[in-house]
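Each remark here refers to the structure printed beneath this line.
As the structure lists them, so they are numbered: ligands from 1, and atoms in each ligand from 1. Values reported hereafter were calculated over all heavy atoms of this structure, with side chains retained and with hydrogens, waters and symmetry mates removed. For this chain, numbers begin at 1 and follow the sequence in order.
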Amino acid sequence: MAGTGLFAEILDGDVYKYYADGEWKKSSSAKTVAIINPTTRKTQYKVQACTQEEVNKVMESAKTAQKSWAKTPLWKRAELLHKAAAILKEHKAPIAECLVKEIAKPAKDAVTEVVRSGDLVSYTAEEGVRILGEGKFLVSDSFPGNERTKYCLTSKVPLGVILAIPPFNYPVNLAVSKIAPALIAGNSLVLKPPTQGAVSALHMVHCFHLAGFPKGLISCVTGKGSEIGDFLTMHPGVNCISFTGGDTGIAISKKAGMVPLQMELGGKDACIVLEDADLDLVAANIIKGGFSYSGQRCTAVKVVLVMESVADVLVDKVKAKIAKLTVGPPEDDCDITPVVSESSANFIEGLVKDAKEKGATFCQEYKRDGNLIWPLLLDNVRPDMRIAWEEPFGPVLPVIRINSIEEGIHHCNASNFGLQGCVFTKDVNKAILISDAMETGTVQINSAPARGPDHFPFQGLKDSGIGSQGVTNSINMMTKIKSTVINLPTPSYTMG
Ligand SMILES: NC(=O)C1=CN([C@@H]2O[C@H](COP(=O)(O)OP(=O)(O)OC[C@H]3O[C@@H](n4cnc5c(N)ncnc54)[C@H](OP(=O)(O)O)[C@@H]3O)[C@@H](O)[C@H]2O)C=CC1
Ligand SMILES: O=C(O)[C@H](O)COP(=O)(O)O
């Protein structure tokens with residue numbers, strides 16, 4: 001159970017502690033932040049509201065710990081990560097329980113998130129050993145005017161202190177996708193978990209603590225992003241920010257200093273359906289892509305752009321599948337569970353009302369109870385409706401009927417987002433042309449958008465982000481190239 005047994009150490013009364021200097025601590029603020037269970041809408045957990053002074057101390061320890069961690073052999077860093085991964089997977093049940101209570105993730109998906117996270121940590125350890133163990137050797141006479149008098153050796157060195165800020169929807173997985181690459185590359189890491197999801201993240205951090213990482217190397221400060229977020233992101237002790245979330249990321253990128261940024265932000269992932277598509281496959285992927293975790297995934301299908309000639313058949317198939325979705329509490333492993341907060345539910349409702357006023361066709365009756373919103377397909381959506389452009393981050397999916405491929409590509413590219421998209425057709429040549437024309441970081445052919453498998457590159461264009469994630473790209477992003485040049489007194493050529 002959460003906060004008991006091995007995890008009892010992280011709890012003080014009914015308030016979870018924060019993690020600094022290798023210890024679980026109470027904040028001197030004596031203030032707490034409540035985590036509201038999206039299903040009951042009552043306080044489920046409480047975490048410490050850390051102070052600026054505590055953040056300063058964490059940054060100092062992170063700086064000191066990083067210096068000796070960078071001198072720790074790569075294989076030893078990997079060994080500790082493998083240990084943390086094993087502990088994480090062993091304790092999947094209490095962590096999954098927190099995910100169910102804090103963010104209403106369906107029970108089975110919650111377990112999957114923890115297991116996937118353990119696998120990600122192990123994979124990162126293995127990949128790090130491979131790619132960080134290699135560098136480059138260059139000779140000077142490749143460049144015009146040079147003799148072979150200079151040998152350049154390049155290697156990858158850590159950046160220093162990495163600040164990781166994940167969002168509520170994957171508080172464990174999107175935290176370890178930042179922690180593991182940072183650590184294998186010789187950096188220290190400060191985690192600011194999302195408030196909804198903070199307790200799952202604290203349990204995950206305890207698994208790293210139990211693995212035996214040096215004190216100060218990993219810290220986890222809790223508190224509302226709106227209160228300590230700016231102080232953290234503008235802190236002079238931070239050498240890199242890895243952020244996943246919404247528009248907050250745009251604001252951070254404007255305020256942060258001269259540090260590398262990895263930003264994975266929102267999306268309005270389009271699903272373009274051509275006339276020759278396998279409509280059963282499309283319908284199955286629209287359900288998986290649009291409604292899993294109640295649409296609260298940046299990679300969720302967020303608008304269907306279907307050729308008019310097949311639209312009626314597709315809409316009927318999707319409607320039939322929606323009717324079979326189970327709606328209710330995450331504990332019962334329902335397909336559709338309450339969205340994360342009341343404000344999120346209100347926002348979704350605003351989009352639905354706007355679509356109603358402007359004449360969208362409701363394929364189901366709109367139904368809401370507290371934070372629980374029943375799955376809704378909106379047909380005949382037009383570009384003047386907000387839902388055509390904004391991401392609901394909920395179980396509401398708009399369908400726009402198109403008369404040409406160009407119209408679909410135009411709608412996709414007119415979005416301020418550019419995360420992923422997908423195209424369904426049996427004609428692979430057409431699919432490639434459409435993929436090339438879509439201004440998104442990834443295009444999936446004949447499947448719904450998805451970040452995983454976690455070693456694939458994952459990136460957004462335009463307002464969807466900066467840089468690229470995925471295990472290898474994250475390791476590279478959290479390092480800097482260092483060159484050492486050997487200057488010879490006379491040119492040295494290989495024996496001919
Ligand atoms: N591209 C991607 O990979 C993903 C994108 N998203 C996008 O994220 C949004 C939903 O997630 P959500 O968690 O609500 O996103 P937010 O941007 O609201 O929050 C993300 C994180 O930022 C923190 N935060 C809030 N304010 C600040 C601040 N001023 N400075 C620093 N950190 C701050 C939050 O903490 P706190 O919780 O305490 O406010 C949270 O940890 C959607 O737009 C979605 O598309 C979500 C997941 C993945
Ligand atoms: O946070 C998100 O929404 C993701 O990064 C999407 O991950 P998924 O495609 O694996 O659900």
Would you check the N or O atoms of [X], main chain and side chain alike, for any that come under 3.5 Å of an N or O of ligand 1?
X    : answer
P166 : yes
L265 : yes
L419 : no
G245 : yes

Quiz item: Hey, is E113 one of the residues with a heavy atom under 4.0 angstrom from ligand 2?
Solution: no
Ligand 1 versus [X]: contacting region, heavy-atom distance under 4.0 Å:
X    : result
T195 : both
K224 : backbone
T244 : both
E391 : side chain

Return the minimal non-hydrogen interatomic distance between [X] and [Y], and the atom names on each side.
X    : Y    : answer
L88  : M204 : CD1-CG, 3.8 Å
Q459 : G467 : CB-O, 3.3 Å
N56  : H235 : OD1-NE2, 2.8 Å
N413 : K462 : O-NZ, 2.9 Å

What protein heavy atom sits nearest [atom], and how far off is it?
atom                    : answer
atom 6 (C) of ligand 2  : T299 OG1, 3.2 Å
atom 27 (C) of ligand 1 : T248 CG2, 3.3 Å
atom 14 (O) of ligand 1 : F168 CD2, 3.6 Å
atom 2 (C) of ligand 1  : C298 SG, 3.0 Å
atom 46 (C) of ligand 1 : F393 CZ, 3.7 Å
atom 34 (C) of ligand 1 : K192 NZ, 4.2 Å
atom 8 (P) of ligand 2  : Y170 OH, 3.4 Å
atom 5 (O) of ligand 2  : R451 NE, 2.6 Å
atom 30 (N) of ligand 1 : G229 CA, 3.2 Å
atom 28 (C) of ligand 1 : G225 O, 3.4 Å
atom 9 (C) of ligand 1  : G246 N, 3.5 Å

[X] heavy atom under 4.0 Å from ligand 1:
X    : value
Y170 : no
G465 : no
Q296 : no

Self-check item: Check: R297 N/O within less than 3.5 Å of ligand 2 N/O
Solution: yes
Quiz item: Purely on distance, is any nitrogen or oxygen of C298 under 3.5 Å from one on ligand 2?
Solution: yes
Quiz prompt | Chi angles and distances behind the salt bridge (Lys or Arg N to Asp or Glu O under 4.0 Å) call for K57, E54 | solution = CA-CA 5 Å; K57 281 201 184 132; E54 283 155 355; over 6 Å; no
Quiz item: Out of I35, I165, N169, N173, who gets a non-hydrogen atom closest to atom 47 (C) of ligand 1?
Solution: N169
Exercise. Could you tell me how the ring of H206 sits relative to the ring of H209: parallel (under 30°), tilted (30 to 60°) or perpendicular (over 60°)?
Key: parallel
Practice problem: Classify the ring geometry between H203 and F7 as parallel (under 30°), tilted (30 to 60°) or perpendicular (over 60°). | Solution: tilted
Quiz item: Between E97 (side chain) and A2 (backbone), is there a donor-acceptor pair under 3.5 Å?
Solution: yes
Quiz item: Which ligand 2 atoms are under 4.0 Å away from a heavy-atom of R116?
Solution: 10 (O)
Practice problem: Show which atoms of ligand 2 fall inside a sub-4.0 Å distance from at least one heavy-atom site of N169. | Solution: 1 (O), 2 (C), 3 (O)
